[in-house]
Novice: 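There's a structure below that I have some questions on.
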There are 2 protein chains.
Amino acid sequence: MDDTWELLMDLVMAERARIPQIAAEFRLSPPQVHALRVLSPEQPLPMGRLACALGCDASNVTGIVDRLEARGVVERQVVPGDRRVKRIVLTGEGGRLWRAHHERLVADVPLVSGLSADEQRALHDLLAKVVAAPALG
Amino acid sequence: MDDTWELLMDLVMAERARIPQIAAEFRLSPPQVHALRVLSPEQPLPMGRLACALGCDASNVTGIVDRLEARGVVERQVVPGDRRVKRIVLTGEGGRLWRAHHERLVADVPLVSGLSADEQRALHDLLAKVVAAPALG
DNA sequence: TATTGTTATACTCTATAACTATA
DNA sequence: TATAGTTATAGAGTATAACAATA
């Protein structure tokens, strides 16, 4: 079953195209979506940690956060202990935007509709195992 | 099993990050990889069709093909019947580059390693069914 | 001296609109 | 007039390197 991986990659490539499309419906870029996703569980992060989560250089995050902040969906907060650090938090507006986007992304479920209930359950359990694997941290 | 879809999206998001990384190892951008992927099965395409396959505006494809052509991995060919059309073909060098990239992408198989042989087979069969669904055309 | 975040620079991708050449 | 592709323009993401403020 060597090509299980290739099937997964096919899925990823096919679904990849949907992400910027749905993001654009909310006037968001993919990195902006990613940032909101990381911050959404009421988890403020300093710029550096956010850069890490986004998998890009810290210098990019400055611009990404600039644009999100100009839109009022995130805020830079000063951290009492260390005045170098700026902590990024989602605003109420940002939370609403993120939830709306996420519902839209999950709402349209074309893929699993071709499977029976039993098959869907089996796929779910296998994927859960895969996602829980250490490689995906 | 409503969250099967969400698990799939988690996978997609996690794997998304690997694509530009591995592409960069071959000094390719994601759209360039996508273009080579589309052209690789010995299937030359005119600019417009390539834009369609890449899901972006035709004006972008000019630049993408410019850079690939400057590198010698694709060529613009004139089509006899209609002198407006330019057909993009992969060069021998381009074919080698694409195969090297694809092997590298598929070589590293971290995800399915956490499953037993039976589980891998089951996942394979379910994914095959999902990928074959009309929504993925 | 080391760290956090920003700025400067340069390149790629992106869409829109205007343009050229051909049909 | 309509179509295929290009060019011009502007905005966003990307990395590298240099920088300021703080530790």
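Reminder, nothing fancy here: chain letters follow the sequence lines and each chain counts from 1.
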Novice: In this structure, would Val74(A) and Val85(A) fall into the same cluster of hydrophobic residues linked by side-chain contacts under 4.5 Å?
Specialist: no
Novice: If you assign Cys56(A) and Arg76(B) each to the DNA chain D nucleotide with the nearest heavy atom, which residue ends up on the more 5' nucleotide?
Specialist: Arg76(B)
Novice: Using whole Å, what does the distance between atom P of nucleotide dT12(C) and atom CG of Leu68(B) come to?
Specialist: 11 Å
Novice: Quickly work out the Leu28(A) CG to dG11(D) C1' distance and round it to whole Å.
Specialist: 15 Å
Novice: Hey, is the main chain of Ser29(A) close enough, under 3.5 Å, to the side chain of Gln32(A) for a donor-acceptor pair?
Specialist: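 Present.
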Novice: Do Asp66(B) and Arg76(B) meet the salt-bridge criterion of a basic N to acidic O distance under 4.0 Å?
Specialist: yes
Novice: Starting at the 5' end of DNA chain C and moving along, which residue's nearest nucleotide shows up first, Gln32(B) or Asn60(A)?
Specialist: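 Between the two, 5'-proximity favours Asn60(A).
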Novice: Base, sugar-phosphate, or nothing for Pro30(B), non-hydrogen atoms under 4.0 angstrom?
Specialist: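 Touches nothing.
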Novice: Between atom CG in Asp57(A) and atom P in dC11(C), what is the gap in whole Å?
Specialist: 18 Å
Novice: Side-chain contact, heavy-atom cut-off 4.5 Å: Val33(A) with Leu28(A)?
Specialist: yes
Novice: Could you please name the option among dA12(D), dG5(D), dA21(D) that lies closest to any side-chain atom of Arg84(A)?
Specialist: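 The answer is dA21(D).
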Novice: Quick one: does Ser59(B) reach the base of dT14(C) with a side-chain donor-acceptor pair under 3.5 Å?
Specialist: no
Novice: How close or far is atom C1' of dT6(C) from atom CE of Met47(A), stated in whole angstroms?
Specialist: 8 Å
Novice: Are Val61(B) and Cys56(B) side-chain neighbours, meaning at least one heavy-atom pair lies under 4.5 Å?
Specialist: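 Val61(B) reaches Cys56(B) side chain to side chain.
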Novice: Quick one: Lys86(B) NZ to dT7(D) C1', roughly how many Å, whole number?
Specialist: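 It works out to 12 Å between those atoms.
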Novice: Mind calculating the distance between CG (Leu50(B)) and P (dT14(C)) to the nearest angstrom?
Specialist: 11 Å
Novice: Between dT6(D) atom C1' and Arg67(B) atom CZ, what is the distance in whole Å?
Specialist: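 Rounding to the nearest Å, CZ of Arg67(B) and C1' of dT6(D) are 14 Å apart.
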Novice: When you check the phosphate oxygens OP1 and OP2 of dT4(C), does a side-chain N or O of Arg83(A) lie under 4.0 Å from one of them?
Specialist: no
Novice: Touch check for Pro46(B), heavy atoms < 4.0 angstrom, all strands: base, sugar-phosphate only, or nothing?
Specialist: sugar-phosphate
Novice: Rounding to an integer number of Å, can you tell me how far Asp66(A) CG sits from dA12(D) P?
Specialist: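 Rounding to the nearest Å, CG of Asp66(A) and P of dA12(D) are 11 Å apart.
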Novice: So, does Thr62(B) get its side chain near the phosphate of dG5(D), meaning an N or O under 4.0 Å from OP1 or OP2?
Specialist: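 Answer no for this pair, as no side-chain N or O of Thr62(B) is under 4.0 Å from OP1 or OP2.
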